[in-house]
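If you read the sequence from its start, that first residue is 1, and numbering goes on from there. Note that ligands are numbered from 1 as they come in the structure, with each ligand's atoms numbered from 1 the same way.
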Amino acid sequence: MSDQHQNLAIIGHVDHGKSTLVGRLLYETGSVPEHVIEQHREEAEEKGKGGFEFAYVMDNLAEERERGVTIDIAHQEFSTDAYDFTIVDCPGHRDFVKNMITGASQADNAVLVVAADDGVAPQTQEHVFLARTLGIDELIIGINKMDIVDYEESTYDEVVEEVNQLLKQVQFNTDDASFIPISAFEGDNIAEESDNTPWYDGEILLEALNDLPEPEPPTDAPLRLPIQDVYTISGIGTVPVGRIETGILNTGDNVSFQPSDVGGEVKTIEMHHEEVPKAEPGDNVGFNVRGIGKDDIRRGDVCGPADDPPSVAETFQAQIVVMQHPSVITAGYTPVFHAHTAQVACTIESIDKKMDPSSGEVAEENPDFIQAGDAAVVTIRPQKPLSIEPSSEIPELGSFAIRDMGQTIAAGKVLSVDEK
Ligand code: GDP
């Protein structure tokens with residue numbers, strides 16, 4: 001047990017073994033509910049398959065997931081010697097790309113799962129692009145299903161080389177990436193060194209998780225609280241609710257809501273149905289502000305200190321990575337931007353630079369268009385007021401997803417904001 005917390009993303013192509021790996025981590029760290037293990041140990045023994053509890057636990061997780069009942073691998077928690085981990089999301093199941101960006105599930109680090117028998121696949125590329133764009137610090141790369149390739153060192157080396165090429169392509173610092181041959185299903189190199197890979201003498205997965213750098217504490221940034229919903233509660237009045245991304249909210253504080261541009265004094269703060277005097281990053285709160293009515297503020301507003309209010313962009317410059325687009329993106333394109341709790345149509349006013357992903361250098365000034373796979377610096381004009389912050393100052397409020405036709409087209413980070 002530990003009090004250091006890490007948000008961990010498990011990323012990788014569909015069917016490469018993400019769910020199985022999460023199940024394995026929960027199992028090895030004793031985090032699967034005891035009754036689930038017990039039930040399956042009994043079943044396994046009845047069927048003369050003692051020692052097969054893991055497979056049964058996984059079947060159970062899969063079944064429950066299919067029935068949509070209880071255990072989903074997102075939001076599962078497990079502890080190692082060094083950290084308490086929360087699995088923030090698992091791509092492939094839901095709209096990971098959007099979730100990862102809209103703040104609700106910011107990951108500090110990630111485990112990339114690549115099946116040894118399949119190698120780098122389309123979603124491997126997409127997720128690595130995103131991890132890079134969104135500032136994931138370190139990647140642990142589990143080359144999974146080593147049992148299927150007879151634990152061959154040469155196969156492992158080939159896949160490592162493929163992934164290294166991909167990391168270089170997206171400019172991910174390969175010093176921040178560590179590779180481990182694993183089998184999530186058989187349990188090789190997860191909690192114990194495997195006899196099946198005598199040629200490997202690096203860290204096993206739980207050691208690598210313990211050795212992740214500590215996440216940066218976000219507390220010295222000013223208060224930023226994106227508003228999720230606004231309720232009217234009898235006896236109290238107007239109650240905006242949301243999750244504190246940065247800073248501290250105290251009763252008695254003078255706050256400002258942007259872009260609605262109203263403010264007042266915080267009267268009460270409520271968390272888990274109890275009144276509290278203050279709340280901090282990660283806390284989901286409902287609160288009440290003197291003089292603010294239900295129609296004064298809305299979802300997508302950001303609450304901050306009156307003397308350091310959230311920025312409202314007239315235009316902003318951002319670095320984006322285009323993931324998929326049926327044709328090309330040119331100046332004038334106006335898709336919907338999703339940033340924290342806001343959804344606002346924004347026009348890509350100019351494409352300022354196209355970057356060479358392999359060198360990070362400017363490849364072309366003022367290109368006519370960009371397309372899938374391109375990284376670019378663009379200037380964006382929101383069609384309605386939007387509160388957003390430079391990623392270098394407040395990363396929690398500095399990234400966004402661009403959506404169009406029901407798909408995520410691109411993801412980006414804000415470089416600078418021009419206020420009204
Ligand atoms: P996800 O889509 O990435 O979450 O992949 P799953 O965890 O659902 O795994 C896909 C399939 O691969 C399932 O049938 C798993 O049992 C199987 N699988 C996952 N990991 C391993 C492994 O290490 N070895 C073998 N042989 N099969 C695995």
Side-chain angles (χ1 to χ4, degrees), residues 8-29 31-32 36 40 44 49 51-76 78 85 87-97 99-100 105 107 110-128 130-131 139-153 155-156 158-160 162-163 166 179-197 200 204-206 208-209:
L8 190 70
I10 310 287
I11 61 179
H13 194 70
V14 63
D15 275 350
H16 279 201
K18 296 176 297 292
S19 315
T20 309
L21 181 62
V22 171
R24 173 59 72 177
L25 284 167
L26 297 178
Y27 180 72
E28 298 289 352
T29 56
S31 320
V32 180
V36 176
H40 295 289
K49 289 188 174 179
F52 271 56
E53 299 102 307
F54 173 68
Y56 280 83
V57 166
M58 283 312 296
D59 285 353
N60 179 265
L61 292 179
E63 236 174 69
E64 296 206 350
R65 204 166 60 231
E66 263 161 36
R67 290 202 314 258
V69 193
T70 46
I71 307 176
D72 191 342
I73 59 173
H75 310 299
Q76 293 289 323
F78 66 93
F85 286 94
I87 306 288
V88 290
D89 213 332
C90 197
H93 292 164
R94 283 172 294 131
D95 200 344
F96 164 75
V97 173
N99 288 348
M100 193 156 162
S105 56
V111 176
L112 170 66
V113 179
V114 186
D117 60 335
D118 199 19
V120 168
Q123 284 164 338
T124 319
Q125 284 175 318
E126 180 181 333
H127 294 162
V128 167
L130 271 176
L139 262 189
I140 297 170
I141 298 124
I143 308 297
N144 191 35
K145 306 198 187 184
M146 285 302 297
D147 55 303
I148 292 187
V149 298
D150 295 329
Y151 302 98
E152 278 285 349
E153 183 178 11
T155 310
Y156 173 75
E158 279 166 30
V159 179
V160 168
E162 246 185 280
V163 176
L166 172 63
F179 293 86
I180 310 174
I182 60 171
S183 165
F185 195 80
E186 301 291 343
D188 297 288
N189 294 326
I190 309 276
E192 272 175 49
E193 231 168 88
S194 168
D195 293 337
N196 295 319
T197 53
Y200 175 75
I204 59 170
L205 185 60
L206 281 181
L209 289 170

side-chain hydrogen bond (donor to acceptor under 3.5 Å, both in side chains) partners for Ser183, two or more places apart: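 For Ser183, the residues satisfying side-chain hydrogen bond (donor to acceptor under 3.5 Å, both in side chains) (neighbours in sequence not counted) are Asp147.
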By side-chain hydrogen bond (donor to acceptor under 3.5 Å, both in side chains) - contacts of Glu28 (at least two apart):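 Once residues adjacent in sequence are excluded, the partners of Glu28 under the side-chain hydrogen bond (donor to acceptor under 3.5 Å, both in side chains) criterion are Arg24.
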Return yes if some donor-acceptor pair links the side-chain N/O of [X] with the main-chain N/O of [Y] below 3.5 Å, else return no.
{"X": "His16", "Y": "Ala115", "answer": "yes"}
{"X": "Glu162", "Y": "Val120", "answer": "yes"}
{"X": "Lys18", "Y": "Gly12", "answer": "yes"}

Option whose closest heavy atom lies nearest to atom 25 (C) of ligand 1, chosen from Asp188, Asp147, Ile190: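 Closest candidate by heavy-atom distance is Asp147.
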Candidate with minimal heavy-atom separation from atom 6 (P) of ligand 1, of Asp117, Ile143, Thr20: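 Going through Asp117, Ile143, Thr20 one by one, Thr20 has the nearest heavy atom to atom 6 (P) of ligand 1.
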Whether Ala184 lies under 4.0 Å from ligand 1, heavy atom: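 The answer is yes: ligand 1 sits under 4.0 Å from a heavy atom of Ala184.
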Ligand 1 contacted by His13 (non-hydrogen, < 4.0 Å):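 True for this residue.
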Parallel, tilted or perpendicular: rings of Phe78 and Phe85 (30°, 60°):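 Aromatic pair Phe85/Phe78 classed parallel.
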Val14: numbered ligand 1 atoms lying under 4.0 Å from its heavy atoms: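 This gives 2 (O) as the contact atoms.
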Residue Ser183 vicinity, atoms of ligand 1 by number, heavy atom under 4.0 Å: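 Listed by number with element: 22 (C), 23 (O), 24 (N).
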[X] and ligand 1 - part of the residue with a heavy-atom distance under 4.0 Å:
{"X": "Ile148", "value": "side chain"}
{"X": "Lys18", "value": "both"}
{"X": "Asp15", "value": "both"}

Going by distance only, is there an N or O of [X] that falls short of 3.5 Å from an N or O of ligand 1?
{"X": "Ser19", "result": "yes"}
{"X": "Met146", "result": "no"}
{"X": "Gly17", "result": "yes"}

Audit row: Ile182, Ile143, side-chain contact (heavy atoms from CB on, under 4.5 Å) steps and yes/no: CA-CA 6 Å; Ile182 60 171; Ile143 308 297; 5.9 Å; no
Close side-chain approach of Ile140 and Leu205, heavy atoms under 4.5 Å: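 Touching, per the 4.5 Å side-chain cut-off.
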